[in-house]
Structures are given as C-alpha cells and as structure tokens.
*Asks:* 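I have a structure here, written as structure tokens, and I will follow up with some questions on it.
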Amino acid sequence: MKVNTQSVNFNADQKLLDFVQKRMDKLDTFYDKIIKADVFLKLDNTSDKENKIFEARVSVPGDSFVVKKQCKSFEEGTDVAIASLERQLKKRKEKLRAHL
C-alpha cells in the first residue's frame with residue numbers, strides 16, 4: 001500500500017517513517033482494497049507532554065476513514081490510531097459481506 005507521510009513543524013527521521021509504514025502495511029491484512037493512505041505527523045507548540053498528533057486518512061473504494069490521535073510519542077499515537085482503523089475496516093468489510 002502506498003503511504004504518503006508528511007511531518008509538520010519538524011523533520012521526521014527515517015526510523016519513525018519506517019515504523020509508520022510497517023504499521024500501516026498491516027492494515028492490508030484486514031481490508032485488501034485500500035487505495036492509499038495519507039499520514040500527517042504534527043508537533044503541537046504547547047508545553048503539554050501530549051503534544052504529538054498522529055493523523056491518518058485511509059481511502060477505500062467509495063469511502064475514506066480519518067483517525068486523529070494525540071499522545072506523548074508518535075509511536076504510541078500510531079499504535080492507537082492503527083487499532084482504531086482496524087476496527088473501522090473490519091466493520092466496513094462485514095457490512096459489505098452482509099450485502100452480498
């Protein structure tokens with residue numbers, strides 16, 4: 001799956017980009033018709049510890065899913081957001097099967 005990753009207000013290192021790519025690739029096991037995924041890694045300018053925002057937009061035929069999570073680290077945000085996307089994709093797949 002093609003994952004377009006953009007980092008806002010900072011430069012992401014290759015290790016983080018590879019981590020995000022690896023986690024996003026796991027979504028293919030739940031729903032094989034994913035067209036593309038856009039990921040935005042944002043650094044909030046607050047003194048709060050949870051200043052890292054992970055936002056993902058996954059496009060599937062006829063729909064798209066958006067998940068936005070704010071956590072202490074991008075890795076934690078990625079894991080929480082991917083779990084949410086997995087639930088949404090499984091739900092969509094079950095709905096499609098019900099119509100067949």
Side-chain angles (χ1 to χ4, degrees):
M1 167 187 18
K2 175 73 178 118
V3 179
N4 180 23
T5 308
Q6 296 179 7
S7 53
V8 181
N9 294 337
F10 77 104
N11 291 325
D13 63 338
Q14 193 59 42
K15 190 175 164 187
L16 177 62
L17 297 176
D18 291 342
F19 177 82
V20 170
Q21 178 71 46
K22 192 172 127 188
R23 290 288 197 257
M24 294 296 285
D25 284 342
K26 287 186 177 180
L27 291 177
D28 279 334
T29 60
F30 300 103
Y31 195 84
D32 56 352
K33 294 181 177 70
I34 297 174
I35 300 168
K36 68 172 184 162
D38 295 317
V39 174
F40 301 97
L41 303 171
K42 299 176 185 175
L43 199 56
D44 213 5
N45 289 334
T46 61
S47 59
D48 193 22
K49 284 186 179 179
E50 292 192 355
N51 65 343
K52 291 159 183 75
I53 301 169
F54 177 92
E55 187 176 342
R57 184 180 302 120
V58 176
S59 299
V60 296
D63 206 358
S64 69
F65 300 103
V66 178
V67 174
K68 188 174 185 179
K69 299 292 177 190
Q70 187 165 350
C71 293
K72 292 178 185 170
S73 71
F74 286 116
E75 289 82 0
E76 180 187 355
T78 302
D79 288 339
V80 173
I82 296 296
S84 179
L85 281 168
E86 283 175 12
R87 285 193 300 275
Q88 291 179 28
L89 290 171
K90 284 179 188 175
K91 200 173 186 180
R92 173 160 174 89
K93 197 171 186 177
E94 286 170 13
K95 277 186 180 179
L96 289 176
R97 280 196 181 144
H99 291 299
L100 295 176

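Residues: numbered from 1 along the sequence shown. Keep in mind that what you see is a predicted model, and the values were worked out from it rather than measured.
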*Asks:* When you measure from the side chain of N9 to the backbone N and O of L43, does any donor-acceptor pair fall under 3.5 Å?
*Replies:*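 Yes: the side chain of N9 pairs with the backbone of L43.
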*Asks:* Locate the shortest heavy-atom distance separating M24 from A37; write the atom from each residue and the value.
*Replies:*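 So the minimum-distance heavy-atom pair works out to CE-CB, 3.5 Å.
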*Asks:* What's the separation between atom OG1 in T5 and atom CG in L16, rounded to the nearest 0.5 Å?
*Replies:*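 It is 8.5 Å, given to the nearest 0.5 Å.
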*Asks:* Can you tell me how far NZ of K22 sits from CG of L17, rounded to the nearest 0.5 angstrom?
*Replies:*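 Output value for this atom pair is 14.0 Å.
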*Asks:* Looking only at non-hydrogen atoms, find the nearest pair between I53 and F74 and report the distance.
*Replies:*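 Looking at all heavy atoms of both residues, the shortest contact is O-CE2, 3.6 Å.
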*Asks:* Considering only heavy atoms from C-beta outward, does the side chain of V58 approach that of I34 to under 4.5 Å?
*Replies:*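 They are in side-chain contact.
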*Asks:* Locate the shortest heavy-atom distance separating Q21 from V3; write the atom from each residue and the value.
*Replies:*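 Distance-wise, the nearest heavy atoms are OE1-CB, 3.4 Å.
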*Asks:* Which distance, rounded to the nearest 0.5 Å, do you find between the CD1 of I82 and the CG of L27?
*Replies:*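 Nearest 0.5 Å value for the CD1-CG distance: 4.5 Å.
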*Asks:* Could you measure the distance from the OG atom of S73 to the NZ atom of K49? Nearest 0.5 Å is fine.
*Replies:*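 Result: 13.0 Å between the selected atoms.
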*Asks:* Taking ring-ring contact (aromatic ring centres under 6.0 Å, His included) as the definition, give me every residue that meets it alongside F30, ordered by chain and number, with sequence neighbours left out.
*Replies:*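 Residues passing ring-ring contact (aromatic ring centres under 6.0 Å, His included) with F30: none at all.
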*Asks:* Between the side chain of Q6 and the main-chain N/O of F40, is any donor-acceptor distance below 3.5 Å?
*Replies:*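 Checked: no pair found.
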*Asks:* For this output row, return yes or no: ring centroids of Y31 and F65 closer than 6.0 angstrom.
*Replies:*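 Between F65 and Y31, which both carry aromatic rings, the centre distance is not below 6.0 Å.
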*Asks:* Hey, could you give me the NZ/OG distance between K33 and S59, rounded to the nearest 0.5 Å?
*Replies:*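 With rounding to 0.5 Å, NZ (K33) is 15.5 Å from OG (S59).
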*Asks:* Using a strict threshold of under 4.0 Å (side-chain N to carboxylate O), is an ion pair present between K26 and D28?
*Replies:*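 No.
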*Asks:* With a 4.5 Å heavy-atom cut-off, do V60 and L89 have their side chains touching?
*Replies:*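 V60 vs L89: side chains touch.
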*Asks:* Give every residue pair that meets the salt bridge (Lys or Arg N to Asp or Glu O under 4.0 Å) criterion with at least one member in residues 79-99, sequence neighbours excluded.
*Replies:*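 Qualifying pairs: R23-D79, D63-R92.
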*Asks:* Enumerate the salt bridge (Lys or Arg N to Asp or Glu O under 4.0 Å) contacts for residues 6-21, please, sequence neighbours excluded, ordered by first and then second residue.
*Replies:*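 Sorted pair list comes back empty.
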*Asks:* For a quick test of reading the model, state the closest non-hydrogen atom pair linking V67 to Q88 and the distance between them.
*Replies:*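 Shortest heavy-atom contact: CG2-NE2, 3.8 Å.
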*Asks:* For residues K72 and K52, report the shortest heavy-atom separation together with the two atoms involved.
*Replies:*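 For K72 and K52, the tightest heavy-atom pair comes out as O-CD, 3.2 Å.
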*Asks:* Tell me whether I35 is reachable from V66 by hopping between hydrophobic residues (I, L, V, M, F, W, Y) whose side-chain heavy atoms are closer than 4.5 Å.
*Replies:*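 No, separate clusters.
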*Asks:* Measure across E55 and K42 and return the closest heavy-atom pair with its distance rounded to 0.1 Å.
*Replies:*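 It is OE1-NZ, 3.0 Å.
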*Asks:* Nearest 0.5 Å, what's the NZ-OG distance between K36 and S64?
*Replies:*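 OG of S64 is found 9.5 Å from NZ of K36.
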